[in-house]
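Contents: one structure, followed by commentary.
Computed from a predicted structure; not experimentally measured. Below, each value reflects all heavy atoms present in this structure, side chains not excepted, and no hydrogens, waters or symmetry copies.
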Amino acid sequence: MKSADVRNQAEKPDPGGYAAARLRLLTAGEQSGPPRRAALAALTDDWLAGLFDRAAEGRRGVSLVAVGGYGRGELSPRSDLDLLLLHDNGDAEEIATLADRLWYPVWDLGLTLDHSVRTPAEVRRAAGEDLRVQLGLLDARHLAGDRGLTAALRTTVLADWRNQAPKRLPELQDLCTERARRHGELQYLLEPDLKEAHGGLRDATALRAVAASWLADPPRKGLADARRRLLDIRDALHLTTGRATDRLALEDQDQVAAELGLLDADALLRQVYEAARVLSYAGDLTWREVRRVLKARAARPRLRALLGGGKSSAERSPLAEGVVEQDGEVVLALTARPERDPVLLLRAAAAAAQAGLPLSPHAVRHLAATVCPLPTPWPAEAREQFVTLLGSGRPAVQVWTALEAEGLITRLLPDWERVRCRPQRNAVHRWTVDRHLVETAVHASALTRRVDRPDLLLVAALLHDIGKGWPGDHSTVGETIARDVATRIGFDHADAAVLADLVRHHLLLVKTATRRDLDDPATVRSVAEAVGTRSTLELLHALTEADALATGPAAWSSWRGFLVADLVRRVSAVLTGDAPAEPGPAEPTAEQERLAVEAFRTGGPVLALHARPEPPAEPFAGEHPGEYPETHPGGPSQEPAPLGAELLIAVPDQPGVLPAVAGVLAVHRLTVRTAGLRALDLPDDVGDGSVLLLNWRVAAEYGSLPPAARLRADLARALDGSLDIAVRLAERDAAHRWRRGAAAPPPRVTVAPAASRHATVIEVRAQDAPGLLFRIGRALEKAGARVRSMHVSTLGANAVDAFYVTTDAGEPLPEPDATSMARMLEETLRA
């Protein structure tokens with residue numbers, strides 16, 4: 001029969017039929033969540049069963065089966081219909097005609113259909129060849145036709161799955177691991193895939209498959225609720241976008257949150273993260289149990305041979321008071337009494353992290369149910385065990401996760417609830433707030449040899465962003481919270497004050513080092529006054545590095561490490577009284593003077609380009625040589641990192657030098673890291689006049705550095721007007737159409753108050769882009785400002801630049817002029 005004939009004979013849904021009923025169900029709003037999904041599945045079941053009955057005309061040996069998500073009755077508004085037409089090897093033409101009469105009405109409604117036509121033998125063969133097919137069949141559900149045929153298939157498929165579990169479950173775990181590698185971890189992504197990411201709906205299906213194998217039983221606590229929550233969010237996503245998508249894009253999150261009755265997009269993401277965390281933890285425990293069972297099964301025949309058929313008892317090795325190791329896990333000793341030992345929880349956690357072993361989920365649940373609360377303040381042993389846990393490095397993460405899964409972290413630290421699963425809408429950050437704090441403690445554990453008080457460093461690492469759960473500046477809010485937490489866990493008043501200061505100033509060093517002129521004594525003095533003591537400075541230096549390393553690759557580099565270390569040395573000198581007197585203008589080097597003389601005599605720019613790395617930073621006073629951790633960017637075990645090339649430029653004093661240099665460097669794809677500019681008076685025997693001297697550090701965006709002669713030629717052309725930088729940059733932008741994601745926030749330009757006695761500091765925060773420095777320099781030049789120096793910092797896609805500007809007389813700008821200039825520059829960058 002021709003396809004057109006089949007379509008004419010197939011039932012066409014009318015407005016009062018399935019299509020209209022489906023539309024009413026999805027738009028009425030009377031039902032949502034599981035009731036709506038169940039109602040949609042039941043409605044679809046009835047419609048398909050009717051189609052089948054009319055098309056099959058009583059034929060035996062054929063059945064219609066729902067598989068996959070539809071088999072589970074989980075129909076979201078835009079879900080696929082996963083259908084299997086099962087037959088007993090009847091007439092091929094009749095089966096094909098029957099299939100057409102079923103599929104065409106589905107297609108006519110615009111529904112997505114995933115279909116197959118197979119005999120039971122073909123089903124078994126396909127399942128054996130493709131694990132995904134077998135997983136879908138585990139949820140097979142009869143819709144219409146020969147019920148016995150469907151029941152026999154279900155029995156066979158489940159029996160095959162259980163018999164083949166020792167082989168198929170490792171395949172399934174590999175599949176889950178590979179999917180996690182491709183799609184990331186759902187509990188940390190800003191635009192997560194609710195289905196494919198680790199901790200998503202696919203993993204929930206995998207856990208159902210493990211349970212069906214009877215080889216291991218996944219944890220049940222919170223699992224069904226987490227799965228339901230993700231399905232509800234997917235339903236709302238389908239309804240608000242009108243698309244069959246599982247990706248929760250940034251631009252859709254506010255609408256989805258409103259559909260679910262949530263406060264905002266952050267509340268939505270927090271629900272996603274909480275559900276994903278439950279599923280991820282359940283998956284970790286389940287796959288650990290699967291590996292243990294398979295390992296035990298493989299060893300059992302050999303064990304029986306050795307023991308003559310006897311049964312062995314598991315060996316238990318003591319780790320701490322009341323804590324033992326058994327079967328590769330940390331469990332409680334038989335004599336442990338959690339109800340009488342409030343420190344047992346922290347002792348077990350510290351012992352597990354120190355041994356690099358997981359805490360048994362049974363032990364954690366038992367502790368959660370029975371352990372007595374710690375007194376306030378904590379006893380010294382509890383504080384010591386807590387610090388030991390934090391100082392255990394990477395193994396502390398899985399122990400912390402186990403405690404958090406049973407609500408024990410918020411029981412120990414009530415303030416943790418505010419940051420738990422809290423998203424960070426900043427592309428530089430790769431973790432949620434709570435995981436970032438734990439990761440900072442992990443990185444701090446590698447730096448404890450650099451400080452006199454490792455305990456304060458580790459606790460400060462855990463608490464430095466604790467204020468992000470409250471309104472206001474998180475550093476200021478966090479200072480108060482950190483002081484309270486420190487007192488609660490047993491630190492004395494002096495130590496609590498240090499912890500509060502560390503949290504209050506945890507961004508001070510990196511902000512100052514990358515945005516301020518370190519040669520300005522006011523900069524160094526302000527940091528010294530904020531820090532107060534060398535001991536606090538030492539701790540703050542390590543905390544700064546740990547925080548940046550835990551943030552993400554864009555937040556730390558050898559260059560930033562070098563700048564921070566330079567600032568720390570200068571501040572340390574002030575705190576010990578060894579700081580030199582306020583210097584005057586630095587004397588030019590022989591090379592700078594030579595370039596200046598050549599520029600004066602030729603009347604054009606001259607330059608020198610030196611591509612040499614910076615030497616490693618000297619150890620901080622009090623550090624011991626050889627005790628750098630491997631991750632320390634300046635450690636002696638590493639080669640000095642190339643921090644860019646030194647670019648010296650001498651130009652006869654004239655307008656337009658800064659935008660010309662910045663523009664030429666942008667054309668050659670050179671990134672500016674630091675820049676200084678000053679007027680240099682010529683020696684009396686050379687002539688009467690001055691030359692502008694620029695000492696910049698640059699790095700190639702990619703590839704190698706351009707020849708110095710080419711840079712000089714282009715700079716000369718830019719200064720005499722024969723090279724139009726703006727046109728060249730516009731042509732390059734037009735030739736390379738950059739893909740843009742969500743719209744970037746508008747630029748912001750401010751005047752930093754009291755940042756320097758010698759200049760006005762203009763701070764620019766904007767989206768990083770080729771030619772940004774050229775646009776800023778041209779605007780400042782147009783406004784008549786003289787740029788004394790500038791400090792460039794790029795965090796991910798964000799540029800944070802500081803410009804020290806003066807009048808022609810070398811004085812700071814009057815306040816009204818500075819404010820007006822900042823407003824003008826902001827308007828220019830917005831245009």
Requested in this report: List the steps, then state whether side chain to side chain contact (heavy atoms under 4.5 Å, CB included) holds for Asp434 with Glu404.
Outcome: CA-CA 11 Å; Asp434 57 341; Glu404 192 155 36; 3.8 Å; yes
Requested in this report: Assess whether salt bridge (Lys or Arg N to Asp or Glu O under 4.0 Å) is satisfied between Arg288 and Asp284, documenting all intermediate values.
Outcome: CA-CA 6 Å; Arg288 197 164 82 210; Asp284 292 343; over 6 Å; no
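Judged by a 6.0 Å distance limit and a 45° cone about the ring axis, Arg141 is positioned over the six-membered ring of Tyr70.
In terms of modelled atom types and a separation under 3.5 Å, the side chain of Gln253 and the main chain of Leu190 share a donor-acceptor contact. Judged by distance alone, with hydrogens and angles left aside, the side-chain atoms of Arg270 form a donor-acceptor pair with the main-chain N or O of Arg420 at under 3.5 Å. Between the side chain of Arg22 and the backbone N or O of Pro77 there is at least one donor-acceptor pair closer than 3.5 Å. Panel note: side chain Arg154, backbone Ala140; a donor-acceptor pair is recorded below 3.5 Å. Looking at Arg411, its side chain does come within 3.5 Å of a backbone N or O of Ala368 through a donor-acceptor pair.
Electrostatic pairing of Asp252 and Arg247 does not count as a salt bridge here, judged by no charged N lying under 4.0 Å from a carboxylate O. Salt-bridge formation is not detected for the pair Glu274/Arg277: no Lys NZ or Arg NE/NH1/NH2 atom is positioned less than 4.0 Å from an Asp or Glu carboxylate oxygen. Using a 4.0 Å cut-off between charged nitrogen and carboxylate oxygen, Asp246 and Arg234 count as a salt-bridge pair.
Tested against Leu248 for a side chain to side chain contact (heavy atoms under 4.5 Å, CB included), the candidates Leu189, Thr241, Leu237 yield a single pass: Leu237.
Within 6.0 Å of the CZ atom in Arg147, the count of heavy atoms belonging to other residues, nucleotides or ligands does not exceed 12.
Ring orientation note: the planes of Trp107 and His115 are nearly perpendicular, at an angle over 60° on the 30°/60° scale.
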